[in-house]
*Asks:* 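Here you go, one structure.
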Amino acid sequence: MSVSESSIKVPFFTKLKVWWEGYDMREVEARLKERQPKPTKAAAPKPDVTPMDTVLPIPPWDDKRIEIAQYIWGEGYCGPGGPDQVIALSKLLAMSPEMSALVIGAGLGGPSRVLAQEFGVWITGVEENEKLATAAMELSSRAGLAKKAEIKHYDPKNPDLERNFDRAFSKEALFTVEAKLDLLRHVHQKLKPDSLFLMTDYFLARDGVTNTPDYVMWKQGEAIRPYPVTITEMQEILDVAGFSIRVNEDVTETYVAMVARAWADADKVVSKLLEQGEQGRVLVDVLMREAEYWSLRCRLLEHGMLHVHRILVSKKSGKTMSDW
């Protein structure tokens with residue numbers, strides 16, 4: 001079989017460079033195939049330390065993926081937006097030490113601990129992934145914030161929130177929830193009168209996006225099945241759940257820039273990991289899968305198929321139709 005008929009393996013560093021400079025990896029691979037001379041005889045395949053498939057399903061959270069996530073995003077984070085971004089974003093909530101706040105999709109607890117430290121607010125973080133919730137609570141305990149920034153595992157289908165809150169915060173957590181209205185109604189019930197709820201999330205740019213090849217590839221690569229809706233559909237869901245929208249802002253460009261900054265030094269991370277021998281090479285493989293995972297997301301964001309919005313809502317005063 002000629003090289004032009006086989007798949008071209010693009011090195012990791014090249015993938016990152018091609019990705020961040022805005023080229024389509026599939027076009028680059030096609031051009032590389034065209035430029036390859038046909039061998040006169042079959043050559044023995046060279047070992048590939050970090051093979052990449054067309055679609056790499058991201059593995060569930062384990063110790064290795066948690067370690068790699070923090071190499072890229074920072075301690076206590078498993079996605080874009082570090083302490084400064086969380087603080088700037090959360091100023092809209094006007095929090096104080098007398099308040100309590102619910103954090104939905106707490107991840108490794110970084111945002112929860114920042115909110116507790118910066119604003120003095122009492123945090124209850126809930127996380128769907130049990131492994132992440134356990135790791136997050138360990139980090140809170142280590143930081144002396146076991147009571148101030150508590151992280152618990154929860155089921156979004158049966159959230160069973162025990163107390164009432166002054167504020168709520170959700171960072172890219174609702175797009176994996178299928179029954180969004182049920183969850184938001186429950187959150188509404190647990191918020192005190194005139195409470196504020198701030199969220200950022202992924203939204204479909206338009207109807208029909210889910211039928212595109214890029215979207216299908218992204219969905220196959222997600223560990224948890226995504227259920228994004230359009231921003232118009234989310235507005236309707238929030239209204240029925242009993243919320244009034246105060247801010248609705250498309251922050252896609254800023255979000256993609258945050259991802260790019262976080263991955264800009266990935267080659268340095270790889271170099272350090274490879275110095276650790278076999279264990280480091282295992283972690284490099286995990287990092288490459290994480291890179292492909294974020295590459296698929298950013299492809300949809302950059303091609304205008306997905307948007308990221310920042311939304312601030314308040315709990316409606318008085319009785320609403322959803323209370324009947």
Side-chain angles (χ1 to χ4, degrees), residues 56-87 89-90 102-117 123-143 145 149-154 156 169-177 198-202 218 221-226 228 251 254-266 269-270 273 282-298 300-301 306 308 310:
L56 290 175
I58 197 71
W61 287 100
D62 57 16
D63 292 339
K64 293 184 180 65
R65 189 181 175 203
I66 288 174
E67 182 177 354
I68 286 299
Q70 294 182 97
Y71 269 121
I72 298 299
W73 308 111
E75 184 178 356
Y77 290 81
C78 48
D84 292 343
Q85 191 263 348
V86 170
I87 291 170
L89 187 69
S90 301
L102 170 69
V103 175
I104 302 171
L108 287 170
S112 297
R113 289 185 289 276
V114 166
L115 295 178
Q117 292 170 322
I123 298 291
T124 297
V126 293
E127 168 55 46
E128 182 177 3
N129 185 281
E130 192 167 2
K131 183 73 175 181
L132 281 180
T134 300
M137 193 59 210
E138 289 175 358
L139 289 170
S140 287
S141 298
R142 197 183 307 167
L145 294 168
E150 182 184 15
I151 313 295
K152 301 188 291 187
H153 172 249
Y154 92 124
F169 178 79
S170 172
K171 188 174 182 299
E172 295 94 72
L174 297 179
F175 79 103
T176 61
V177 176
L198 176 66
M199 67 188 76
T200 57
D201 223 311
Y202 301 103
W218 171 63
E222 289 285 316
I224 301 177
R225 184 175 180 181
V251 294
T254 301
Y255 189 86
V256 171
M258 287 194 299
V259 178
R261 284 195 298 270
W263 282 95
D265 294 328
V269 174
V270 170
L273 290 174
V282 171
L283 289 174
V284 169
D285 184 65
V286 176
L287 186 145
M288 290 184 70
R289 288 175 178 267
E290 197 75 16
E292 183 73 4
Y293 170 68
W294 281 98
S295 175
L296 290 172
R297 280 193 180 184
C298 284
L300 294 184
L301 292 169
L306 285 183
V308 179
R310 177 184 68 162

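None of these values were measured; they are calculated from a predicted model.
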*Asks:* What side-chain donor-acceptor pairs closer than 3.5 Å can you find for residues 107-114, not counting sequence neighbours?
*Replies:*
residue, atom, partner, partner atom, Å
Arg113, NH1, Leu108, O, 3.3
Arg113, NH1, Ala136, O, 3.2
Arg113, NH1, Ser140, OG, 3.1
Arg113, NH2, Leu108, O, 2.7

*Asks:* Quick check against the 3.5 Å criterion: does Ser141 have a side-chain atom that pairs as donor or acceptor with the backbone of Met137?
*Replies:*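 Yes, Ser141 side chain to Met137 backbone: donor-acceptor pair under 3.5 Å.
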*Asks:* Look up atom CG in Leu145 and atom CG in Leu115, then write down how far apart they are to the nearest 0.5 Å.
*Replies:*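 One gets 11.5 Å once the value is rounded to the nearest 0.5 Å.
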*Asks:* If the condition is side chain to side chain donor-acceptor pair (under 3.5 Å), which residues does Gln70 pass it with, not counting sequence neighbours?
*Replies:*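 With sequence neighbours excluded, Gln70 shows a side chain to side chain donor-acceptor pair (under 3.5 Å) to no residue whatsoever.
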*Asks:* For a 4.5 angstrom cut-off between non-hydrogen side-chain atoms, does Ile123 reach Phe169?
*Replies:*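 The answer is no; the side chains never approach within 4.5 Å.
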*Asks:* Once side chain to side chain donor-acceptor pair (under 3.5 Å) is applied, what residue pairs with a partner in residues 126-135 remain, sequence neighbours excluded?
*Replies:*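 Sorted pair list: Asp63-Lys131.
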*Asks:* Could you check whether any side-chain heavy atom of Leu139 comes within less than 4.5 Å of a side-chain heavy atom of Arg142, counting everything from C-beta outward?
*Replies:*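 SC-SC contact between Leu139 and Arg142 confirmed.
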*Asks:* Evaluate the side-chain proximity of Ile151 to Leu132: yes if any heavy-atom separation is below 4.5 Å, no if none is.
*Replies:*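 Sidechains of Ile151 and Leu132: no contact.
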*Asks:* Taking side-chain contact (heavy atoms from CB on, under 4.5 Å) as the definition, give me every residue that meets it alongside Thr254, ordered by chain and number, with sequence neighbours left out.
*Replies:*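 Checked Thr254 against side-chain contact (heavy atoms from CB on, under 4.5 Å); zero matches.
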*Asks:* Is the shortest side-chain heavy-atom distance between Lys171 and Gln85 below 4.5 Å?
*Replies:*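 Yes. Closest side-chain heavy atoms under 4.5 Å.
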*Asks:* Look up atom CD in Glu67 and atom CG in Asp62, then write down how far apart they are to the nearest 0.5 Å.
*Replies:*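 Between atom CD of Glu67 and atom CG of Asp62 there are 10.0 Å.
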*Asks:* Under the salt bridge (Lys or Arg N to Asp or Glu O under 4.0 Å) test, which residues partner Lys64, sequence neighbours left out?
*Replies:*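 Per chain and number, Lys64 pairs via salt bridge (Lys or Arg N to Asp or Glu O under 4.0 Å) with no residue.
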*Asks:* Taking only residues two or more places apart in sequence, or in another chain, which ones meet Thr176 in a side chain to side chain donor-acceptor pair (under 3.5 Å)?
*Replies:*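 So Thr176 forms no side chain to side chain donor-acceptor pair (under 3.5 Å) with any residue.
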*Asks:* Who pairs with Phe175 by ring-ring contact (aromatic ring centres under 6.0 Å, His included), at least two apart in sequence or on another chain?
*Replies:*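 Expected list: Tyr202.
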*Asks:* Is the shortest side-chain heavy-atom distance between Tyr255 and Arg310 below 4.5 Å?
*Replies:*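 No; the side chains remain at least 4.5 Å from each other.
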*Asks:* Got a sec, which residues hit side-chain contact (heavy atoms from CB on, under 4.5 Å) with Arg225, two or more places apart in sequence or on another chain?
*Replies:*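 Once residues adjacent in sequence are excluded, the partners of Arg225 under the side-chain contact (heavy atoms from CB on, under 4.5 Å) criterion are Lys219, Tyr227.
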*Asks:* Answer with yes or no whether the side chains of Arg297 and Tyr293 bring together a donor and an acceptor at under 3.5 Å.
*Replies:*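 A donor-acceptor contact under 3.5 Å links the two side chains.
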*Asks:* Check side chain to side chain donor-acceptor pair (under 3.5 Å) between Tyr71 and all other residues, then give those that pass, not counting sequence neighbours.
*Replies:*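 Testing Tyr71 for side chain to side chain donor-acceptor pair (under 3.5 Å), a comparison that skips the adjacent residues, returns none.
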*Asks:* Answer with yes or no whether the side chains of Thr200 and Glu172 bring together a donor and an acceptor at under 3.5 Å.
*Replies:*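 There is such a pair (donor and acceptor under 3.5 Å, judged by atom type) between the side chains of Glu172 and Thr200.
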*Asks:* Distance-only criterion, 3.5 Å: show the donor-acceptor pairs between side-chain atoms of residues 72-83 and protein atoms not counting sequence neighbours.
*Replies:*
none

